[in-house]
Amino acid sequence: MRRVVVLVGVVLLVLLGACGTGPAAPDSGGEGGLALAVSKINAALDPAESLTTSYLRSFGAGESLAKIRPDGTVAPELAESLTATAPGTWTVVLREGATFHSGAPVDAEAVRASLERSRVLNELAADLVEEVTFDVVDPRTLTATTAGPSPYLDATLAHYELQIHNVASYAGLTAPATTADLTGPFRVTAFAPEQELTLERNPTWWGQAPAVDTITVQQVTDPEARAQIALAGQADVVDLLPPSAVAELRTAEGTRLQGAPAANTVAVYLNPSSPAAPALADQRVRQALAWAVDRAAVAEIAGEGLTGAAPSWLASNPAYPQADEQGFTRHDPALAARLLDEAGWVLGPDGRRAKDGAPLVLRLQTWGTEGPTGEVLQAQWDSLGVTVELSYVDNALVQQARERGDWDAQTAAFTTLGNVANLFAVQMGADGSGNYGRYDLPQVPALIERASAAATAEERTAAVLELNALHTEVVPAIPVHPRPQATAVSARVGGFVAHPLQYENLVQPGYTLDG
Amino acid sequence: MLRPAAVVGARALAGTLAVLLVASVLVFGLVRSAPGDPVDVQLGEAGGVGLSRSDIDRIRTERRVELGLDRPLPEQYVRWLGRMVTGDWGTSYVSGRSVRAEVLDRVPASLVLAVSGFAVAVVLAVGLALLASRRPGGPTDQVVRLATLATVAVPSFLLGTLALQVATAATGYRIAGPATAGRIWLPALVLGVAVTPTLSRVLRASLIAERGRLYAVAAQARGASAGRTLLRHVLRPALAPALTLGGLAFASLVTGSVITEAVFSWPGVGRYAVDAISAQDYPVVQAYVVLATALVVLVNRGVDLVQRLVDPRGDARAEAVA
Amino acid sequence: MRLLDSARAGAGTRLRERLRDRARPPGRALVVAGSVLLALVVLVVLVAPWIAPFDPAAQRVGPRLAPPEGEHWSGTDRFGRDTASRVLHGGRQTLLVTAATMAAVVAVGVVVGTVIGLAGPRGDDLGRRVVDTVVAFPAVIVILAFVGLRGPSLPAVLGGALLVWWAPFARLTRALVRAALAEPSAVTARALGASRLHLLRTEVRPRLVGPVGVLVAVETGQLIATVAGLSFLGMGAQPPDPEWGAMLADARGAALSSPHLVLGPGLAVLVTVLALTCVGEGLRDLLDRSTQVVRP
Amino acid sequence: MTPALTVRGLTVDYRGAAVLDDVDLDVAAGEVLVVLGGSGSGKSTVLRAVLGLVPAPGRVRAARLALAGGRGPIDLADPRARRRARGDRIGLVFQDPVLALTPLRRVGSLVREAGADRSGVEPLLAASGFGRPAAVVDRRAFTLSGGMAQRVGFVLAVAGGPDVLLADEPTTALDGPARVELVDRLRERAAAGTAVVLVTHDVGVAAALADRVLVLDGGRVVESGPTARVLGAPAHPTTRALVRDVPWALPPRRRAPAKGPAVVRVRGLTKAHPGAGAVLDGLDLDVAEGEVVGVAGRSGDGKTTLLRCLLGLERPDAGELRLGGVDPAAEGWAAVRRVVQLVPQDPRGSLNPWRTAAQQVADPLDFHRIGDRAARRVRAMELLDAFGLGGLAGRRPTELSTGQCQRVAIARALAVRPRVLLADEPASALDVTRQAELIELLTAVVAEHGTSALVVSHDLHVLERLCDRVAVLAEGRIVEDLPVGRLRADAAHERTRALLAAHPTDPLAAATA
């Protein structure tokens, strides 16, 4: 009997212990503190780790020599200036007195060491600066030299894979780094990998001191949970919100929904040599599918109005407003139907299109956040008489299907901002990793050469636009819309500027906090 | 049957190890038969940076050699098993951190949640079972019965989502965050409520059954009060079937409260496993499944032991009820 | 969980007689109520193509996120699809596929359990250990792992379920087979010369049907709930399939502003699982045996 | 003399169906009252009603339910008083001592709970027959043997020093010597001034113990009075049947043992159970063609193990078997079962509840592939007709009486025309009238079909009526093997003598003389 009583007592105590402390206060770090709920935090704080290094940049801890502005142009950042001093040479002048978080000076030698370290440890960085040589001229100046012309090197140096860090602080690491020594407006004070990160204002930052004192960043992988956090006002900035929550967030008090379209074009890549959907080999069919997309409707339904139409692949790049006039600028189901008729895919009595008894069917794979886009496209193409089998899969399966060549259509979104000539080479070059359908177009190499090495900016731009036009003609991928990026920002945060790069949308040095 | 404790222990240990070994082979084989290559997973998002296909091929080959993926499968298995045993569980493809560190980071949160959820379930189940078994078929029994039936019918994700909505609105409950006391009560309650019906039902049934046995009547005939009969005569024999169930429930709580952890953004190992599975993070998935199996087997053994302590009548009877 | 079951075969328990026995109202009432509810759900779902007001996949048949009123009496989702039509059609798929999976699971479990139950002490010990481990193993994890390998889809979820869900049936069957073979009538039949086949047919089978039936009812409910849960995590049915769990997952973000999106599929899952649980519980009552599996 | 327990107008009904109807009962201090009745007579309900332990839907009414004695009167109609009286003023001995002990509790703790103080535990245990009580105190109840459990159960009933001791069929589950021991204990209590109420169907026990007898039938008292009068000159038909049908009152078997060749030959049969040591230890036994042999023995002496080995349900550790001329080791058990069939202990339990009588009688023919389907059916109907079950062929066991089940079970055993019948305690689950029927039936079957039989039982009275020869099993071997006619005269072994002492030729003689 006594044992039973003791047991029950212990259980009750455990329960009381669990409940006793009661609900904690919301996660805002006090008056001057900013609370973030984001989909992902890095596992390590080494900026030479590929990909995850972008998070350091998102949270205001790291900087590169340059930065891409919301309009798509490039501006110096940690560098005071970046100038193309010769066709293959850029001169970088550093800011006077800039220091790392640890207090070490950011001189030309430190910058060179940082870039070289990234080149050695980070494959993606290595690829960015593959043929670039960095030389120290004086403590505040260094040069970057390439074999041929390099008109986009400033955009390359703005890449987050090339954040400048204090190599000395990372020397001799045997385990993933848990501290960071960079140059951003905030510096890391505590770090729990993939869980929580706290930062404070960097008093020695070269720019105007931020108004925010501290930042706590919480990793919340579940998009719905992030939406609820935003609705409940439990964080000031919440990223990558699910479209399903947008309607609710729009009307929510105390938070504003920011939806700058990203410089990423969501496109449906088509496989011209698909064994299951031979129709895709026909350019007219690909064009027909592209004309049949009601992009405004897709943007409204799948993008919840947070994005717009992308008539051409380059349309999501704010630096090329001309691209908005190219390609599939209108919804033209009649033209689409005519093209399909010409290609021999005629409408049967059952409302389906077929040729020689074979129905026009294609499998559309989507992954990540592109599911709703696929759903709307399926419905739109269905009304054209095209049957779409939609599957929502994960990245590995998408890749495997591609390796085998056993796929018809897949959604993917590539960045359109940066070294545009190179980006087109990836999309349309015979060897481009984004050329999933392996289109081999004879005109492309010359156009890419012109786009990257022509003497004047006008010539290069003309070549880029020509490439974009070719893309809309051949249709290796159907551009649909810029990827929507829903970010909730609480009403007390001022100074938010929407940026086409998602990672620039989270912590901005110009934030102000009221209340 | 009386055998030396050492022999019994050695046999149990050998059996446990055998189950674990079989599980490890299965896990390794299953994971390796998956579509896609671990290296692809690592390179998954790399395309956007602008690599050419030949670059990617080169990097892939290098990585494969680095990870030992070019070796024959049996060799890979033996090496992997050796590393698992020595505590080197590999490196997460996704985060680049040691899997052991990542798992150990998350185990406490899951464990605390499982223990709390289980405690809630035990308190509720014992209370309800005692209440309901007082008068089988009586009004209290029927009410308890209907309530547990309704609870069983509510899928735990629905229950969790609703609870989260209500608690957030009513108490400012923190939707996501670290595993703190301020956050645990809600998922613990949801888990506990979800496990309670089965537990209380078994306990109720076995309480009623034991109460109806001759020895319980005999105890009363000798003057034991109803309470004394319950606590000193009936409760212990009645616990045995519920213990088996409870042990299994506990094991699955520790390893598998996946949905609840997801709903409450609880930084536990279940949620971590789901993320790893969808990211095809092979070392994590392998380590997790082997660990989960080990835990389940160990808890099973533990329950056997406890059960033998509580009810030393042995297997014959346990088999009759279980 | 996964997690276990207990059963003893009753000598001479005849369900039909128990059902007729008016002295046991709770079990009877539960079975009757559950069966009626279940029949209703099945009926409604079967005739869905004729009674559903709209094509479940047709977008913008109405305004987006319309509240329940007028033509779309159950409201529409954010693609402008009719909620009621989707719930009705979703049930078809859910129920059909679950039923097929359950049939496979029961067949495998009963065969494995019978083989173990007939085996000698060593085979029985080994078999029991394996089954116990599988029973204890969190089904959700195994299914998720399987889904990870095959890619998220309803068939993958059910394939994964097949990997583990047989175990409770095997466990129950083994216990029932052994208990039945220990019954005086079985021992006597054996002593008189009955073959194993005859024992299985005349002694084991009648003692198996009731408890396994109970487990089928309860486990089917749990399977539906689990499938919905996994779809909810994005691992199960894929859009635009109107599976209930997937619909709920999609509606989660809009639960406050558009509660009708949660209510429809939520109620559908709830009612179906409740009906199955009632049938199972009631049958269990009537058989006076306890059989269950915990799956948190 | 004032009665220690007074019961007036006791009526118990379950949902309107009366189980007891207006029962009056008195018992004085030092007196033993035996309540006699067949199954279903309501005799056990009397005790439960006195203690207030009638299970839920049952309704108890009584004009008077009262206890008197040195510690003052108690009105048993008052639930609180009644609860205080339990254990303290009224003790109860249960029918099945093993089931009546909380299995996981230790003996000492149970005895203390029943009212003994710490120092009183061991003397109490010693007084009820434990040679070394200290060894028992710390044992858990489930580890006790049947005999030990019975002693502990008795200690628990008397530990509180009750004025009234109730005993509910306490001898049913006991073998002869254990029964004698319990009867002695009860007599001691009565001599010490306790009022004893014993409920039983066993007239032998009643005769040995009772001062007065009260006969119940259908919940009513049909006869009561001094033992000699009621048992010696029963007035009511129920009482007469109880006295007439007892095995010892049946005509004894008088047949010389057959001298034919052995159809059952057992040599050196040895079997040890893990943890329990040797159960059979080099047992030798023969049954001649046409002979009926009984194997007697106390509970736990290996009778069941012997039978299971002979049926192929257990594998012996050593020894040779030859059954019906078949060596199971060489030819397999199927061949043995073709000629050796079983008459089971519990006729109802041994029948498949889902199959009809005709199906079950035809089953052994089916097992051994004898004849075609139609022939099997014909044979089954013949057998059923021969056993007077012709009209019941389509019925299932639940629709048959126990006696009918018994006949179906025997008909089934005869279906394959076996050379040997093995019978396992064939009478122990039956009341006296059924026992008499069974003895008559088996005797007739053996004579008519010319089979041999081996009957295993602890009831010497039954074996004496059924067998040509009786072998006594003790400590794993046969210690006595005599023709039934010489058994009482020539038995030499002490175990045989103890069995004989527990089964006197006429148990009623003492009471009715």
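Just so it is clear, the structure is predicted and the values come from calculations on it, not from any experiment.
Only the side chain of D/Ser109 has a heavy atom closer than 4.5 Å to any heavy atom of chain B. Looking at D/Arg140, the atoms closer than 4.5 Å to chain B (heavy atoms on both sides) all sit in the side chain, from C-beta outward. With a threshold of 4.5 angstrom between heavy atoms, B/Val234 does not approach chain D through any atom at all.
Under the 4.5 Å side-chain criterion, counting only non-hydrogen atoms from C-beta, B/Thr140 is not in contact with B/Arg134. The shortest distance between side-chain heavy atoms of D/Leu67 and D/Leu5 falls below 4.5 Å.
The distance from the CD atom of B/Glu210 to the NE2 atom of B/His233 is 12.5 Å, given to the nearest 0.5 Å. The distance from atom OG of B/Ser116 to atom CG of B/Leu186, rounded to the nearest 0.5 Å, is 12.0 Å.
Of the possible polar contacts, none joining the D/Thr194 side chain to the D/Val196 backbone as a donor-acceptor pair under 3.5 Å is found. With B/Thr148 contributing its side chain and B/Pro197 its backbone, the two residues share no donor-acceptor pair below 3.5 Å. Remark: side-chain polar atoms of D/Arg105 are paired, donor with acceptor, to backbone N or O of B/Arg232 under 3.5 angstrom. With B/Arg228 contributing its side chain and D/Glu113 its backbone, the two residues share no donor-acceptor pair below 3.5 Å. Judged purely by atom type and a 3.5 angstrom limit, B/Arg236 uses its side chain to pair as donor or acceptor with the backbone of B/Val310.
Residue pairs meeting the salt bridge (charged side-chain N to carboxylate O under 4.0 Å, His left out) criterion with at least one partner in residues 108-124 of chain B, sequence neighbours excluded, are absent.
Counting heavy-atom neighbours within 6.0 Å of D/Arg112 CZ, excluding the residue itself, gives a total above 12. The environment of CZ in D/Arg139 is crowded: more than 12 heavy-atom neighbours from other residues, nucleotides or ligands sit within 6.0 Å.
Interface summary for chain B: among D/Gly87, D/Ala114, D/Ala141, D/Gly115, the most heavy-atom pairs under 4.5 angstrom belong to D/Gly87.
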Would you sort out whether B/Thr151 and B/Thr196 count as a side chain to side chain contact (heavy atoms under 4.5 Å, CB included), showing the intermediate values?
CA-CA 9 Å; B/Thr151 316; B/Thr196 300; over 6 Å; no
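Within residues 44-54 of chain D, the residues having any heavy atom under 4.5 Å from a heavy atom of chain B are, by residue number, D/Arg48, D/Leu51, D/Leu53. Proximity to chain B at a heavy-atom threshold of 4.5 Å picks out D/Ile90, D/Leu92, D/Phe94, D/Asp96, D/Leu99, D/Ala100, D/Leu101, D/Thr102, D/Pro103 from residues 90-103 of chain D, in numerical order. Chain B is approached within less than 4.5 Å, heavy atom to heavy atom, by D/Leu156 from residues 146-162 of chain D, ordered by number.
The residue from D/Asp13, D/Val12, D/Val60, D/Val7 that alone fulfils the side chain to side chain contact (heavy atoms under 4.5 Å, CB included) condition with D/Leu20 is D/Val12.
With hydrogens and angles left out, the side-chain atoms of B/Ser110 and B/Glu261 include a donor and acceptor closer than 3.5 Å.
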